[in-house]
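Here's the structure, in structure tokens; my notes come after.
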Amino acid sequence: MNPTREAVSALRNARSVAVLTGSGVSAESGVPTFRDAQTGLWENYDPMDLATPEAFARNPELVWEWYEWRRKLIGEAKPNPAHEALSELEKRVPDFTLITQNVDGLHREAGSENVLELHGNIHRTVCSKERTTIEPENFIEGTPPKCPNCGAFLRPDVVWFGETLPVGVMEAASEAARNCEIFISAGTSSVVYPAASLPYEAMESGSLVIEINPDDTPLTAVADIVLRGSAGEILPALSSSGE
Ligand code: APR
């Protein structure tokens with residue numbers, strides 16, 4: 001059977017599905033994937049020198065400005081057919097969990113409800129010391145702005161390299177991975193842990209693992225079904241399988 005038909009047929013009767021998405025799913029909305037994001041003004045910077053707590057401690061102004069630039073790109077982006085297809089799939093699968101590494105909020109904008117944001121959300125800002133969420137109208141202006149309660153710098157509520165994931169979110173994602181019949185990994189390079197461990201947890205619990213990516217990743221060799229191509233084309237083809 002061709003792999004797309006095999007995936008469509010598996011999804012047709014599935015009662016529990018978990019999906020892990022990465023920046024490839026937002027690429028067709030015009031949000032550059034993390035590793036392709038170093039263009040224009042930022043081409044000479046390594047993301048590892050911008051998305052770490054050490055980078056923020058060293059040069060908070062630079063890191064804040066990089067996130068301002070990313071927020072602007074994301075602000076102009078709209079959900080694409082991949083996001084919409086996942087929101088449709090949620091409506092017809094009784095137990096559906098969407099786990100995302102993306103911080104752009106586009107899954108919720110497309111109507112997805114049960115979303116676990118493993119790496120936080122770029123639209124939220126927190127105090128770098130107290131981790132409380134601060135609304136823009138309360139920022140003490142500056143680059144970066146400061147916390148109105150304690151005066152510490154504010155930062156985006158995203159997970160940087162070397163930081164731990166938000167409490168409970170990874171646990172909920174693992175549980176979804178271990179309990180699903182079908183696990184779909186879409187648009188992720190499958191190299192950043194702990195998110196990259198989720199398809200393996202699913203596999204060990206007997207789930208069927210489907211990968212959607214135009215390129216090979218470390219998961220490709222072990223996935224049950226590999227669908228080569230863009231998420232914006234493949235996911236709509238899968239999610240309409242119930243009609
Ligand atoms: N459809 C599907 N996949 C795509 C598309 C597309 N249109 N375009 C690119 N891809 C794939 C690439 O082949 C690559 O495997 O998306 C993947 C993007 O990989 P990364 O840039 O590494 O993004 P991601 O896997 O989300 O990174 C994980 O690492 O940098 C940190 O916190 C950041 O959440 C991010 C995490």
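- To the nearest 0.5 angstrom, S207 atom OG is 11.0 Å from L198 atom CG.
- The closest side-chain heavy-atom distance from I99 to L118 is below 4.5 Å.
- Looking at residues two or more places apart in sequence or on another chain, you find no side-chain hydrogen bond (donor to acceptor under 3.5 Å, both in side chains) involving S190.
- Atom CG of L50 is separated from atom CG of L62 by 5.5 Å, given to the nearest 0.5 angstrom.
- For the pair R124 (side chain) and T133 (backbone), a donor-acceptor distance under 3.5 Å is absent.
- Applying the ring-ring contact (aromatic ring centres under 6.0 Å, His included) test to pairs two or more places apart or on separate chains, those with a residue in residues 85-133 are H83-H107.
- The distance from atom CG of L86 to atom NZ of K91, rounded to the nearest 0.5 Å, is 11.5 Å.
- Formation of a donor-acceptor pair under 3.5 Å by the N102 side chain with backbone atoms of S23 is found in this model.
- Formation of a donor-acceptor pair under 3.5 Å by the R228 side chain with backbone atoms of N213 is found in this model.
- In summary, the side chains of T143 and E65 do not present any donor paired with an acceptor at a separation below 3.5 Å, with no hydrogens or angles considered.
- Using a 30° and 60° split on the angle between ring planes, Y67 and W160 fall in the tilted class, from 30° to 60°.
- A continuous path of Ile, Leu, Val, Met, Phe, Trp and Tyr side chains, each step under 4.5 Å between heavy atoms, connects W66 with V158, placing both in one hydrophobic cluster.
- By the 4.5 Å heavy-atom criterion applied to side chains, L11 and V17 are counted as neighbours.
- Summarising the geometry of A82 relative to V25, their closest heavy-atom pair is CB-CG1, 4.1 Å, with the distance given to 0.1 Å.
- Here E28 contributes atom CD and L235 contributes atom CG; the two are 9.5 Å apart, rounded to the nearest 0.5 Å.
- Open room surrounds CD on E175; 12 or fewer heavy atoms of other groups in view lie less than 6.0 Å from it.
- The backbone N or O of T217 lies less than 3.5 Å from a partner atom in the side chain of T220, making a donor-acceptor pair.
- For R5, the CZ atom counts as loosely surrounded, since its 6.0 Å shell holds 12 or fewer non-hydrogen atoms of other residues, nucleotides or ligands.
- Panel note: side chain D95, backbone R15; no donor-acceptor pair is recorded below 3.5 Å.
- A heavy-atom distance below 4.5 Å is found between the side chains of N149 and I134.
- With sequence neighbours excluded, the residues satisfying side-chain hydrogen bond (donor to acceptor under 3.5 Å, both in side chains) with E163 are R155.
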List the steps and the verdict of side chain to side chain contact (heavy atoms under 4.5 Å, CB included) for M203 and L219.
CA-CA 11 Å; M203 217 173 281; L219 183 66; 4.1 Å; yes
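- You'll find the side chain of Q101 reaches within 4.5 Å of the side chain of L20, heavy atoms only.
- In this structure, E141 places its CD atom where only 12 or fewer heavy-atom neighbours from other residues, nucleotides or ligands lie under 6.0 Å away.
- Within the model, atoms CZ of R178 and OG of S174 stand 5.0 Å from one another, a figure rounded to the nearest 0.5 Å.
- The closest donor-acceptor contact from the side chain of E90 to the backbone of E113 lies under 3.5 Å.
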Step by step, work out the salt bridge (Lys or Arg N to Asp or Glu O under 4.0 Å) result for K72 and E68.
CA-CA 6 Å; K72 187 164 170 288; E68 284 280 271; over 6 Å; no
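- Proximity of F153 to K146: side-chain heavy atoms (C-beta onward) are separated by under 4.5 Å at one or more points.
- A donor-acceptor pair under 3.5 Å links the side-chain atoms of S16 to the main chain of E181, judged by distance alone.
- Residues M170 and L116 have side chains not in contact (no heavy-atom distance under 4.5 Å, counting atoms from C-beta outward).
- For S29 (side chain) and V31 (main-chain N/O), no donor-acceptor pair under 3.5 Å exists by modelled atom type.
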